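Beneath this line is the structure, given in structure tokens, with notes to follow.
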Amino acid sequence: YHIIASAGEIDMTKYKSKFNNIGLGTRVITGAQIQRYYITDTPSQGNVIYINDQNKPGLSSKREQEVSNPRIVLQRITGVDSKVRIISTLINGHMYCANSTNYIANDNSINIKYLLGVLNSSLVNFFIKQTSTNTNITAKVLNSIPIIFPSTKMQEAIIRIVDYVLIIKSLPSDIIIDQYVDNDVMARQFENVIDALIYELYFSDEFAQENISFVDSVLRDFQIINANTESVVQIILDTFTKLRSMDNDIRNNLKYMSIK
């Protein structure tokens, strides 16, 4: 699969005088608002901005269709020496992207949540750190990332955990899943499992030689959830508790991987 990334459609300089921060019109996602698996309402730079409908840009029919559907958005500027170079999440349709972002439209040829999991993985981050020496993560750089079409089971396993992380990151700050573990720490543990699945996908022969596999265990332990699932917080907690169990094969294989 070949990524087709594009720069955001809103020129921040051209439309600067058209923005408002009182919620009128369509939200414009800037690079500073994009975090791993979520959009922040308190960006480190600038404010949350909107553009009135009468000031909205004239876009091609192709771009209008891309804007109207969910898509992956990525920070465009990251420090060369930053530990994490790829920072991406999903946004709903009917949001604009500033030109301080890149985006990947949902073309339905590959699952967009699977692709998000791959992009945010440590393996892809390593690839970018080895191949890009520029603070600007261009569309060309993103398009060079090798993306594998996964098996149905592998794709489903990755999507399930991506959903867990997306939901955790979307929770209000007053919702604590585990009184002893910060929500972000829990999300990072789930991301470690995504990383393991990505390594298994890209290095399947090496994993087979070591008799390590995560796919079936993930499909066993991570039930399908979404934001509307009843008792979703309890389900996430139960899954996390299971993952931390001393005899859990996912946990033990993660430890074995770190040793190897």
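Bear in mind that the values here come from a model prediction, so they are computed numbers and not experimental data.
Checking Asp107 against Ser109 by side-chain atom types alone, a donor-acceptor pair falls below 3.5 Å. Donor-acceptor pairing under 3.5 Å is lacking for the side chains of Asn125 and Asn120. A side-chain donor from one of Asp238 and Gln234 sits under 3.5 Å from a side-chain acceptor of the other. Under the 3.5 Å distance criterion, with hydrogens and angles disregarded, a donor-acceptor pair is assigned to the side chains of Asp247 and Ser245. A side-chain donor from one of Glu210 and Tyr256 sits under 3.5 Å from a side-chain acceptor of the other. In summary, the side chains of Ser61 and Glu64 do not present any donor paired with an acceptor at a separation below 3.5 Å, with no hydrogens or angles considered. With hydrogens and angles left out, the side-chain atoms of Arg85 and Thr78 include a donor and acceptor closer than 3.5 Å.
Residues Gly31 and Thr101 come closest through the heavy atom pair N-CG2, 3.4 Å. Annotation for Tyr103 and Cys97: closest pair CB-SG, 4.4 Å, computed over non-hydrogen atoms. Summarising the geometry of Tyr50 relative to Gly25, their closest heavy-atom pair is CD2-O, 3.9 Å, with the distance given to 0.1 Å. Across Arg63 and Gly8, no two heavy atoms sit closer than the pair NH1-C, 3.9 Å. The two residues Ser88 and Leu116 make their nearest non-hydrogen contact at OG-CD1, 3.4 Å. Nearest heavy-atom pair, Leu123 versus Tyr199, reported as atom, atom and distance to 0.1 Å: CD1-CE2, 3.7 Å.
Using a cutoff of 4.0 Å between basic side-chain nitrogens and carboxylate oxygens, Asp195 and Arg188 are scored as salt-bridged. The existence of a salt bridge linking Asp81 and Lys129 is excluded, since no basic side-chain nitrogen approaches an acidic carboxylate oxygen closer than 4.0 Å. Between Glu156 and Lys153 there is no salt bridge, since none of the side-chain N atoms of the basic residue sits less than 4.0 Å from a carboxylate O of the acidic one. Using a cutoff of 4.0 Å between basic side-chain nitrogens and carboxylate oxygens, Asp184 and Lys169 are scored as salt-bridged.
Summarising the geometry, atom CE belonging to Met257 is positioned 9.0 Å from atom CG belonging to Asn192; distances are rounded to the nearest 0.5 Å. Atom CD1 in Ile77 sits 7.5 Å away from atom CG in Asn134 (nearest 0.5 Å). Here the CG-CG distance, from Leu142 to Leu74, works out to 5.5 Å after rounding to the nearest 0.5 Å. Put simply, CD1 on Ile225 and CD1 on Ile167 are 3.5 Å apart, with the number rounded to the nearest 0.5 Å. Taking CG of Asn108 as the start and CG of Asn106 as the end, the distance is 4.5 Å to the nearest 0.5 Å. Taken from OG in Ser132 to CD1 in Ile86, the straight-line distance is 8.0 Å, to the nearest 0.5 Å.
Looking only at side-chain heavy atoms (C-beta outward), Asp249 and Arg220 come within less than 4.5 Å of each other. A heavy-atom distance below 4.5 Å is found between the side chains of Ile159 and Asp163. In this structure, the side chains of Gln75 and Gln35 come closer than 4.5 Å at one or more pairs of heavy atoms. Within the 4.5 Å cutoff, no side-chain heavy atoms of Tyr37 are placed close to those of Ser170. Within the 4.5 Å cutoff, the side chain of Asn226 has heavy atoms near those of the Thr229 side chain. With a 4.5 Å cut-off on side-chain heavy atoms, Val162 and Phe190 do not count as touching. Counting heavy atoms from C-beta outward, Ser82 and Val84 have side chains that stay 4.5 Å or more apart. Two residues are said to be in side-chain contact when any heavy atoms from C-beta on lie closer than 4.5 Å; Ile39 and Val73 meet this criterion.
Connection of Ile87 to Val165 is not established within any shared hydrophobic cluster, with ILVMFWY side chains joined at heavy-atom distances below 4.5 Å, either directly or through further cluster members. In the hydrophobic cluster analysis, where Ile, Leu, Val, Met, Phe, Trp and Tyr join through side-chain heavy atoms closer than 4.5 angstrom, Val124 is grouped together with Phe149. When the side chains of ILVMFWY residues are joined at heavy-atom separations under 4.5 Å, either directly or via intervening members, Ile176 and Phe240 end up in two distinct hydrophobic clusters. The hydrophobic clustering, which links ILVMFWY residues whose side-chain heavy atoms are closer than 4.5 Å, places Ile194 and Val118 together. Cluster annotation: Tyr38 and Val232 are assigned to distinct hydrophobic clusters (Ile/Leu/Val/Met/Phe/Trp/Tyr, side-chain heavy-atom contacts under 4.5 Å, transitive).
Sparse packing is recorded around CD of Glu230, with 12 or fewer heavy atoms of other residues, nucleotides or ligands lying under 6.0 Å away. No more than 12 heavy-atom neighbours from other residues, nucleotides or ligands sit within 6.0 angstrom of CZ on Phe126. Around the CD1 atom of Ile4, the shell of radius 6.0 Å holds no more than 12 heavy atoms that belong to other residues, nucleotides or ligands. Within a 6.0 Å radius of CD in Gln54, more than 12 heavy atoms belonging to other residues, nucleotides or ligands are found.
With Asn252 contributing its side chain and Asn248 its backbone, the two residues share a donor-acceptor pair below 3.5 Å. Looking only at distances, no side-chain donor or acceptor of Arg27 sits under 3.5 Å from a matching main-chain atom of Ile49. Here the side chain of Asn55 pairs no donor or acceptor atom with the backbone of Ile51 at under 3.5 angstrom. Using modelled atom types, one side-chain atom of Asn20 and one backbone atom of Gly23 make a donor-acceptor pair closer than 3.5 Å. Using modelled atom types, no side-chain atom of Glu200 and backbone atom of Glu206 make a donor-acceptor pair closer than 3.5 Å. Although no hydrogens or angles enter the test, the distance criterion places a donor-acceptor pair under 3.5 Å between the side chain of Asn69 and the main chain of Gln65.
None of Lys14, Arg71, Lys56 except one satisfies the salt bridge (Lys or Arg N to Asp or Glu O under 4.0 Å) rule with Glu9; the exception is Arg71. Each of Leu171, Val233, Asp178, Ile236 was compared with Asn183 under the side-chain contact (heavy atoms from CB on, under 4.5 Å) criterion, and only Leu171 meets it.
Ring-centre distance between Tyr164 and Phe222: below the 6.0 Å cut-off.
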request  = Could you please spell out the steps behind the side chain to side chain contact (heavy atoms under 4.5 Å, CB included) verdict for Leu243 and Met186?
outcome  = CA-CA 10 Å; Leu243 180 63; Met186 182 181 295; over 6 Å; no

inquiry  = His94 vs Thr26, test: side chain to side chain contact (heavy atoms under 4.5 Å, CB included). Steps then yes/no.
reply    = CA-CA 7 Å; His94 307 291; Thr26 302; 5.5 Å; no

task = For Arg160 and Gln223, run side-chain hydrogen bond (donor to acceptor under 3.5 Å, both in side chains): C-alpha distance rounded to whole Å, both residues' side-chain angles, the deciding distance at 0.1 Å, then the answer.
result = CA-CA 7 Å; Arg160 286 193 193 184; Gln223 72 178 71; over 6 Å; no

message = Please determine whether side chain to side chain contact (heavy atoms under 4.5 Å, CB included) holds for the pair Leu197 and Val218, giving the CA-CA distance in whole Å, both sets of side-chain angles, and the decisive distance to 0.1 Å.
response = CA-CA 9 Å; Leu197 288 166; Val218 167; 4.2 Å; yes

inquiry  = Determine whether Leu254 and Phe214 satisfy the following criterion, side chain to side chain contact (heavy atoms under 4.5 Å, CB included), listing intermediate values before the conclusion.
reply    = CA-CA 9 Å; Leu254 284 173; Phe214 290 89; 4.0 Å; yes

